[in-house]
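Presented below is the structure to which this report refers.
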Amino acid sequence: MDISALANGVTGTVLRPEDEGYAAEVAAFNVSRQHTPDVVVVPRSADDVVAAVQWAGERDLPVSVQATGHGAVLPITEGVLVSTRGLDALTIDPERRTARVGAGVKWRRVIDAAAEHGLAGLCGSTSDVGVVGYTLGGGLPLLGRAYGFSSDHVRSFDVVTGDGRLHYVETGDGSELDWALRGGKGNVGLVTEMEIDLFEIPDLYGGAIFWPGELAPALLPAFAEWSTTLPDDFCTSISLLRLPPIPEIPEPLRGTFTVHLRVGYVGSDEDGERLLAPMREVAPPMMDMVGRMPYTELDRIHMDPEQPVPFEEAGIALRELAPETVAAVLDQAGPDSQCPLLLVEMRLMGGALARERDDAVGGRDAAYTLFGVGALMPPIADAVPGAIARLMEAGAPWSTGGSMVNFHGVPGDAADRARPWPRQTFERLQRARAAYDPGNLFRFGHAVPAPAGG
Ligand SMILES: Cc1cc2nc3c(=O)[nH]c(=O)nc-3n(C[C@H](O)[C@H](O)[C@H](O)COP(=O)(O)OP(=O)(O)OC[C@H]3O[C@@H](n4cnc5c(N)ncnc54)[C@H](O)[C@@H]3O)c2cc1C
């Protein structure tokens, strides 16, 4: 493949598999996904992205994108991979309360820079994911019930569509591009920069509580009941964690089976304590770390892995967490099961997440999420895919029928690829994709198939 025209057409770097630097650019946070594109472009500007997409389009090569590889759902096996890590511009405007964020910026940088002005962006469970990739999938923030999805608070996108054109899209401009970028993931274009809202959240009442896993049969039903009584701005989730005995995991959690309750609340300490009390009263915890905390320390709430790991994941949206749902989850992942999964999680949805908007976000109708993650490491690696499938089947009777694209896991056949969106949203997204990516360049990742007959 002659890449000279591409190399001459960009100010960034163009790498072939034999080049030094290629391996570092294709490496994904999910190390079980090994990307082997023909060419990697590391752009320095939006014009570089335009050049890369046009070059690929002229040769009918697929174009994929990676910032961190947290969402590396499938291996990228051909074409041009645009590695956005070099698009690292970040500007905070404290007056307008916004951040302009390049496609390669992770949440950690935004959180730290915004905190200097007492401001915060709507980050999810870990600040290690890319702001843009996360937000294009809706972006379910830690404080989602209080503020809504991250994509509800985008002001504008700079995006290169599949026809190789650069657009500036303002939220509310009435274009299909604006609609599809808010929740439609990478289906219509490659975003080079984005402007998002910031909020005055210097600190919050939040943290984590851990109990021994053997208490799950008491704690999960209590969570199901308690979580229905909470006000909209109280955000919480619960998980069953089976942590491997590795040094990266601190004592006393290393190698244990635990129940992990997560809390994020923007109200007062007094109200937080009162609202949390029923869960604290279920049983004495091993560790209780809930209290006033700076927003900059939000990674302490979920304690997601910070180092790359090989993993498989899947999730569905639940319309309720009935006693029978809890029993089904306990059957799969409770103390009497042989569950190999690292994490089985239920997040409480609702509140501002449920507010209808004209966008491509899926999951607004969910009352809870059910999500499973397994580490693809010996000796349990082979058991993980089956355990995830069984967990999803167990929750299916209470599912809305949908999922959320950021938690969907490996996209399967056409029907499975449709699941993260309500039917009409999915069909509209198909049409938008056909219009903005007529050559089907963006066919990796969670790409939606072409509309029937077109
Ligand atoms: C430990 C962990 C915790 C997580 N917690 C949350 C959470 O709390 N809430 C939540 O909503 N999600 C969460 N996620 C999911 C996460 O938001 C997605 O995996 C998201 O895709 C990560 O974006 P990325 O750019 O970092 O990943 P990448 O793997 O680099 O990109 C994933 C996909 O995002 C799209 N994409 C990325 N950049 C661009 C771009 N510039 N233009 C167009 N498309 C792009 C592409 O489709 C790409 O294939 C979590 C994931 C992990 C692994």
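Counting starts at 1 for both ligands and their atoms, in listed order.
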side-chain contact (heavy atoms from CB on, under 4.5 Å), that's the test. Do Val309 and Met377 meet it? Break it down for me.
CA-CA 9 Å; Val309 269; Met377 291 177 184; 4.1 Å; yes

Over all heavy atoms of both residues, which pair between [X] and [Y] is shortest? Give the atoms and the distance, please.
X      : Y      : result
Gln66  : Ala28  : OE1-CB, 3.6 Å
Ala224 : Val326 : CB-CG2, 3.8 Å
Phe442 : Thr161 : CE1-C, 4.0 Å

Can you tell me which residue and heavy atom of the protein come closest to [atom], and the distance to 0.1 Å?
atom                    : answer
atom 51 (C) of ligand 1 : Val129 CG1, 4.2 Å
atom 53 (C) of ligand 1 : His70 CD2, 3.4 Å
atom 15 (C) of ligand 1 : Asn406 O, 3.5 Å
atom 26 (O) of ligand 1 : Thr68 OG1, 2.5 Å
atom 20 (C) of ligand 1 : Lys185 NZ, 3.4 Å
atom 49 (O) of ligand 1 : Val65 O, 3.7 Å
atom 42 (N) of ligand 1 : Val191 N, 3.0 Å
atom 29 (O) of ligand 1 : Gly71 N, 2.8 Å

Taking the six-membered ring for Trp, are [X] and [Y] parallel (under 30°), tilted (30 to 60°) or perpendicular (over 60°)?
X      : Y      : answer
Trp421 : Phe426 : parallel
His70  : Phe29  : parallel
His260 : Phe210 : parallel

Centre of Tyr205's six-membered ring, under 6.0 Å away, within 45 degrees of the axis: is that where NZ or CZ of Arg292 sits?
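No, Arg292 and Tyr205 do not form such a contact.
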
With a 4.0 Å cut-off on heavy atoms, is [X] touching ligand 1?
X      : value
Gly137 : no
Gly189 : yes
Phe442 : no
Phe311 : yes

Of the backbone atoms (N, CA, C, O) and the side-chain heavy atoms from C-beta on, which set of [X] has a member under 4.0 Å from an atom of ligand 1: side chain, backbone, both, or neither?
X      : answer
Phe444 : neither
Leu136 : side chain
Ala103 : side chain
Thr126 : side chain
Arg347 : side chain

Under 3.5 Å, is there a donor-acceptor pair between the Glu25 and Ser83 side chains?
yes

Arg417 and Asp413 ion-paired at < 4.0 Å:
no

Do Arg433 and Glu176 meet the salt-bridge criterion of a basic N to acidic O distance under 4.0 Å?
no

Among Thr126, Asp299, Asp128, which residue satisfies the side chain to side chain contact (heavy atoms under 4.5 Å, CB included) criterion with Asp304?
Thr126

From atom 37 (C) of ligand 1, work out which of Ser150, Gly133, Gly144 has a heavy atom at the shortest distance.
Gly133

Answer yes or no: does an N/O atom from Leu140 fall short of 3.5 Å to an N/O atom of ligand 1?
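Indeed, backbone or side chain, Leu140 has an N or O that close.
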
Interfacing atoms of ligand 1 (cut-off 4.0 Å, heavy-atom, Gly139):
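What qualifies from ligand 1 is 11 (O).
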
